[in-house]
Amino acid sequence: MGFTEDQFTDDQMIRYSRHIILPEVGGKGQAKISAAKVFLIGAGGLGCPISYYLTAAGVGRIAIVDDDMVDLSNLQRQILHSTKTVGIPKVESAKGVLEALNPDVEIVAIKERLTPENIIGYIKDYDIVIDGSDNFPTRYLVNDACVLAGKPLSSGAVLRFEGQVTTIIPGEGHCYRCLFEEMPPEGLVPSCQEGGVLGVLPGIIGTLQAMEVLKLILGKGDVLKNTLLIYDALKTNFRKVKVPRNPECPICGTNPAIKELGCYEANYCRA
Amino acid sequence: MEEIIPDKRIDIRGLKCPYTFVRSKLSIESMNTGEVLEILLNYPEAAASIPRSMQDHGQRVLSVDKVNDTDWIILIRKERD
């Protein structure tokens, strides 16, 4: 996209100076960041650090969808929310903090649950989708919608002391179903009460996702395409696992069985 | 010697590091390869650091001149995007 030096006010030049100084970013890269529109699912453990850093970076528009209210038990890890915002919608709590951080960024707060009926209508206006959800039905719904709509997707997950990050570029690399074809049966997945999570972990995974998104926007470096990054916090170990695209994948394979968004039963823990 | 006519001039007197470089970099980025930028500045440290950083970023420093008690003029030719 075009770039003129007058594009930045003096305040913006100062705010983004540590970006502009980087040869890989510069004014042109910052202009790309300012023009980018991202769609974030979840204002929880992952969504908070993701949106916090992307707002600080000056991403033009960030939509955040979440139908939940802030609960006292969230505050151990969901760093946008506070004791004062317990009981109000998470997207409103997040919007207040993010707008105060950077008025350049347009925050679109959507207090809804994503469904097969509404998701495509939302993501079609955005460049990149970011999954910070905490349940399998949403994870599969978001994956399938992004594959069908051809939208790049940053996907992250955390449980206990382990986190995973991957970046899905439909048509180029693997998708979530290449990795795990079907949703696990409900009983096999630990619920949040059984699971637990050390509060810093979603911060680490979420900031990795934010970094992936900025690299996608800038077109610099290598993203986690065809790759799953696994972080073991107890052992302080990062491991990259190759995930080839599966030609038999039910949604992105050569003969996909899934051609439209179907039913995604949502009965997992939503805390 | 042939006199160099700058394609663009900026006056960044009053700015300090790192904004002296940030403003100069934004100007260079908005210019075409081969064009020359003239930077007028009065922050002493930047008289040394701007030429160094511009070189690191692949641009050519044509001259650095102290023009009076307080001011410098630096000429940079844009070599690459």
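Chain letters run A, B, ... following the sequence lines, proteins first, then strands; residues in each count from 1.
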Is it true that, when you exclude [X] itself, more than 12 heavy atoms of the residues, nucleotides or ligands shown sit nearer than 6.0 Å to its [atom1]?
{"X": "Glu45(B)", "atom1": "CD", "answer": "no"}
{"X": "Asn68(B)", "atom1": "CG", "answer": "yes"}
{"X": "Lys66(B)", "atom1": "NZ", "answer": "yes"}

Task: Pro18(B) to Ile21(A) - nearest heavy-atom pair and separation - done: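 Scanning both residues, the minimum pair turns out to be CB-CD1, 3.8 Å.
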TODO: List the atom of Arg18(A), the atom of Tyr19(B), and the distance in Å for their closest heavy-atom pair.
DONE: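 Heavy atoms only, the tightest pair is NH1-OH, 3.5 Å.
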- [ ] To the nearest 0.5 angstrom, please state how far the CG atom of Leu15(B) sits from the CE atom of Met13(A).
- [x]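 Result: 5.5 Å between the selected atoms.
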Open item on the list: Once rounded to the nearest 0.5 Å, what's the spacing between atom NZ of Lys25(B) and atom CG of Leu22(A)?
Closed with: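 It comes to 7.5 Å.
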